[in-house]
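When a ligand or atom number is given, it counts from 1 through the structure's own listing order.
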Amino acid sequence: MLELLEVDMTASVWHYKAEGGSSIVLSYAGTTENLRGKVLRISKSSLVGHPIAKRTTNDLLFASHFQHLIPSGSAPVLVNVTPSFLARIASSIEPVRPACRRESAAIDLHNPCAVLLEDSTVLPGPENIPAIHRTIGIEIKPKIGFPEFRCPTGPLCRYSLMQALKLGAGVPDAHVRSSYCPVAFFSADRARRLRSLRALFECPQNNFRLFVDGCLHSLPSHGSARALDSFELALRSLGWTVEEALVATCDLLHDSGVLVNLAAIQQLDQVGIYRISILYESIILTLNQFLRPGGSPETLNLLLRAVNCREVPKASLALLLDELFEPDLTARTALSYLTAQHAEAHVRETSCCCGELQICLEQLARSGRIPKSLDGLSGFGANLVDERPKSAPSPMFRFFWGEAPGEPQVLVNHNLDNGALKDWCTAVNEVRCFLCSDTAKDCSLLIAIGARLPAGSAAGRVRVIDLDAKHHSRIPRWKRLEDRLLEAVTTLEESSLTASS
Ligand SMILES: O=P(O)(O)O[C@@H]1[C@@H](OP(=O)(O)O)[C@H](OP(=O)(O)O)[C@H](O)[C@H](OP(=O)(O)O)[C@H]1OP(=O)(O)O
Ligand SMILES: Nc1ncnc2c1ncn2[C@@H]1O[C@H](COP(=O)(O)OP(=O)(O)OP(=O)(O)O)[C@@H](O)[C@H]1O
């Protein structure tokens with residue numbers, strides 16, 4: 001059983017730290033010893049009260065399986081919160097929340113669970129107590145590290161297309177187009193990595209945040225001299241110039257091995273959203289066939305067992321889909337290695353988990369959870385960075401090359417044979433891998449660096465945050481988004497044709 005802890009529910013000791021699309025994070029400012037250096041991550045709901053992220057406590061159950069991987073005291077813990085505590089927090093933080101977040105969502109007052117986490121924007125002091133006066137925290141949401149699209153001028157990454165869409169839609173954060181390139185950020189080339197980091201610093205949008213001594217430092221979308229000045233002052237007090245701090249961050253990220261691991265998990269997406277969407281619809285058609293009156297419950301249960309799911313008698317479609325796509329232990333292990341990722345750069349030693357991740361991915365392959373196309377796993381993770389776009393066509397490349405995915409179809413009929421069962425398992429596993437990869441495409445890195453050391457290096461640490469499993473119900477939305485991205489590619493193609501004629 002998962003243990004639910006109680007936390008200090010005095011609203012005044014929890015201060016707003018930051019937020020994303022589905023969570024608000026508060027830092028602890030009270031005196032309880034074991035809460036110092038912790039943050040509380042609470043869920044949001046839409047303004048009319050619908051939960052935003054379909055999160056399950058399994059995320060935490062899962063984390064509890066891997067406590068041994070996570071440095072002591074850093075493992076996330078599920079805690080109980082009351083509606084009245086949440087309501088008090090909601091009113092106290094409202095004035096400090098960014099307007100665009102306030103207008104779209106609020107605290108979910110009806111979710112009795114929150115997550116207590118280590119504050120990864122600060123470095124632990126001697127007794128694991130955060131030395132909050134001496135840390136710069138840098139948060140990066142790197143997005144997808146390989147190009148997925150092709151246009152007349154060459155490969156194109158999803159991020160730059162999203163920039164075009166965000167600019168067109170007037171997204172508040174993105175009124176200036178960023179020159180950040182995730183492919184360069186994941187690159188093995190240090191100069192390219194550094195250039196992409198500078199681009200983030202110059203145009204942060206929602207991909208880059210700075211914390212000074214654990215507090216979010218507002219960095220305007222396109223550099224107001226004043227905000228930069230105060231950040232530079234904070235850096236200077238730790239012995240850094242901005243450029244030196246960016247170089248140290250870049251090196252720390254590289255030494256930690258985290259980017260290679262992240263890229264490996266992102267590339268569990270081997271087939272692209274169009275094929276995934278067809279498979280997802282096929283899975284729904286198949287389940288519906290067996291859920292209809294007269295459908296065969298025995299066959300349905302056989303299908304569930306074939307993909308390691310519990311038998312669900314008389315289940316609804318929604319329950320069955322949740323059961324099928326609740327990430328299984330092995331897929332979660334891969335993500336868990338990211339959670340456990342950390343690096344202590346001052347000793348230039350890393351606790352890079354490439355080896356373990358490799359084993360885990362191989363296990364995924366053996367258990368049939370990685371599609372056949374990923375069979376050649378030797379080197380998986382090791383030489384992905386920079387290699388893949390040249391050596392193996394990405395899903396979207398394949399789409400353009402004419403391997404269109406076809407129509408959804410019922411994957412098995414009532415006379416289940418081995419071939420049909422295999423198609424079913426492949427389809428479910430491909431969708432599972434895709435969901436797992438999407439988590440890695442949307443997570444963030446938190447890099448904490450302390451004072452500059454004489455050799456120009458930093459005491460520092462890298463953590464990966466926001467590894468929530470993505471819910472299968474997002475698949476139709478992702479497909480529609482992909483349609484819009486493809487339209488943007490077409491517009492680019494047309495404008496380049498016009499320019500060249
Ligand atoms: O759909 P995308 O690629 O725009 O990604 C969403 C992110 O937008 P971005 O492009 O990074 O500005 C979006 O970021 P913001 O909340 O806009 O900062 C979220 O991360 C969203 O995930 P979730 O709803 O919080 O679980 C992300 O949604 P998912 O794609 O992960 O469902
Ligand atoms: N462990 C942590 N330590 C310090 N700050 C954190 C931690 N976890 C989250 N944060 C801060 O809170 C913000 C929101 O958290 P998180 O990314 O988990 O929310 P989300 O809504 O799931 O994000 P997204 O919109 O990217 O999906 C982060 O961007 C980060 O600034």
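Below 4.0 Å from some heavy atom of Asp442 lie the following atoms of ligand 2, by number and element: 27 (O). Residue contact check: Met162 has heavy atoms under 4.0 Å from atoms 4 (O), 10 (O) of ligand 1. Near Asp466, meaning under 4.0 Å from one of its heavy atoms, ligand 2 places the atoms 17 (O), 18 (O), 20 (P), 22 (O), 23 (O), 24 (P), 26 (O), 27 (O). Taking every heavy atom of Lys141 and a limit of under 4.0 angstrom, the matching atoms of ligand 1 come to 7 (C), 11 (O), 13 (C), 14 (O), 15 (P), 18 (O), 19 (C), 20 (O). Atoms of ligand 1 lying under 4.0 Å from at least one heavy atom of Lys166, given by number and element, are 9 (P), 10 (O), 12 (O). Atom numbering of ligand 2 starts at 1 in the shown order; those under 4.0 Å from a heavy atom of Ser23 are 19 (O), 20 (P), 21 (O), 22 (O). Atoms of ligand 2 found under 4.0 Å from any heavy atom of Lys17 (numbered from 1 in listed order, with element): 4 (C), 5 (N). Atoms of ligand 2 found under 4.0 Å from any heavy atom of Asp119, numbered from 1 in the order shown, are 3 (N), 4 (C). Remark: ligand 1 atoms within the under-4.0 Å shell around heavy atoms of Leu481 are 1 (O). Which parts of ligand 1 touch Lys470 is read off a 4.0 Å heavy-atom cut-off, strictly below it: atoms 22 (O), 23 (P), 26 (O), 29 (P), 31 (O). For ligand 1, the atoms lying closer than 4.0 Å to a non-hydrogen atom of Gly21 are 16 (O), 25 (O). Against a heavy-atom cut-off of under 4.0 Å, Gly21 is close to the following atoms of ligand 2: 21 (O), 23 (O), 24 (P), 25 (O). For ligand 2, the atoms closer than 4.0 angstrom to any heavy atom of Gly20 are 14 (C), 19 (O), 20 (P), 21 (O), 23 (O), 25 (O). Residue-ligand proximity, Glu118 to ligand 2, at heavy-atom distances under 4.0 Å covers atoms 1 (N), 2 (C), 3 (N).
Polar contact with ligand 2: absent for Glu19 (N/O pair, distance under 3.5 Å). Close N/O approach between Val25 and ligand 2 is not found [any backbone or side-chain N/O within under 3.5 Å]. Close N/O approach between Arg209 and ligand 2 is found [any backbone or side-chain N/O within under 3.5 Å]. Any N or O atom pair closer than 3.5 Å counts here, and Ser120 shares at least one such pair with ligand 2. Considering both main-chain and side-chain atoms, Thr121 never comes within under 3.5 Å of ligand 2 through any nitrogen or oxygen pair. The shortest N or O to N or O distance between Glu139 and ligand 2 is below 3.5 Å.
At a heavy-atom distance under 4.0 Å, only side-chain atoms of Phe211, from C-beta outward, approach ligand 2. Under 4.0 angstrom from ligand 1, the non-hydrogen atoms of Asp438 all belong to its side chain. Contact annotation: for Leu446 versus ligand 2, heavy atoms closer than 4.0 Å belong to the side chain alone. The proximity of Gln205 to ligand 1, defined as any non-hydrogen pair under 4.0 Å, does not occur for either the backbone or the side chain. By the criterion of a heavy-atom distance under 4.0 Å, the side chain of Arg101, and not its backbone, is placed next to ligand 1. Under 4.0 angstrom from ligand 2, the non-hydrogen atoms of Lys141 all belong to its side chain. With a heavy-atom cut-off of 4.0 Å, Val39 touches ligand 2 through its side chain alone.
A salt bridge links Arg461 to Glu118: one of the charged nitrogens lies within less than 4.0 Å of a carboxylate oxygen. Between Asp119 and Lys17, at least one side-chain nitrogen of the basic residue sits less than 4.0 Å from a carboxylate oxygen of the acidic one, meeting the salt-bridge criterion. Under the 4.0 Å criterion applied to side-chain N and carboxylate O atoms, Glu139 and Arg463 are not assigned as salt-bridge partners. Ion pair Arg275/Glu430 flagged as a salt bridge, since at least one NZ, NE, NH1 or NH2 atom sits closer than 4.0 Å to an Asp/Glu carboxylate oxygen.
In the candidate list Asp466, Leu485, Asp442, Asp442 is nearest to atom 19 (C) of ligand 1, counting heavy atoms. For the residues Leu165, Val171, Asn206, the heavy atom positioned nearest atom 17 (O) of ligand 1 is part of Asn206. Comparing heavy-atom distances from atom 9 (P) of ligand 1 across Arg474, Lys143, Glu482, His471 singles out Lys143 as nearest.
A cation-pi arrangement is absent between Lys141 and Tyr180 under the rule of less than 6.0 angstrom and at most 45 degrees off the ring axis.
Residues His254 and Leu259 fail the side-chain proximity criterion, which asks for heavy atoms closer than 4.5 Å. In this structure, Ile140 and Leu253 have side chains that are in contact, with non-hydrogen atoms separated by less than 4.5 Å. The side-chain heavy atoms of Arg158 and Glu482, taken from C-beta on, include a pair separated by under 4.5 Å. Using a 4.5 Å heavy-atom cutoff, the side chains of Phe325 and Val428 are in contact.
A perpendicular orientation is assigned to the rings of Phe201 and Phe208, their planes being inclined by more than 60° (bins at 30° and 60°).
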* Could you please spell out the steps behind the side-chain contact (heavy atoms from CB on, under 4.5 Å) verdict for Val115 and Leu40? => CA-CA 6 Å; Val115 184; Leu40 193 63; over 6 Å; no
* Asked: Hey, mind stepping through Tyr274 and Asp483 against side chain to side chain donor-acceptor pair (under 3.5 Å) and telling me if it holds?
  -> CA-CA 9 Å; Tyr274 283 112; Asp483 289 341; 2.5 Å; yes
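Separation of the Tyr280 and His472 ring centroids falls under the 6.0 Å cut-off.
When the options Thr32, Thr31, Val39 are evaluated for a side chain to side chain contact (heavy atoms under 4.5 Å, CB included) with Leu35, the one that passes is Thr32.
Looking only at distances, no side-chain donor or acceptor of His217 sits under 3.5 Å from a matching main-chain atom of Gly214.
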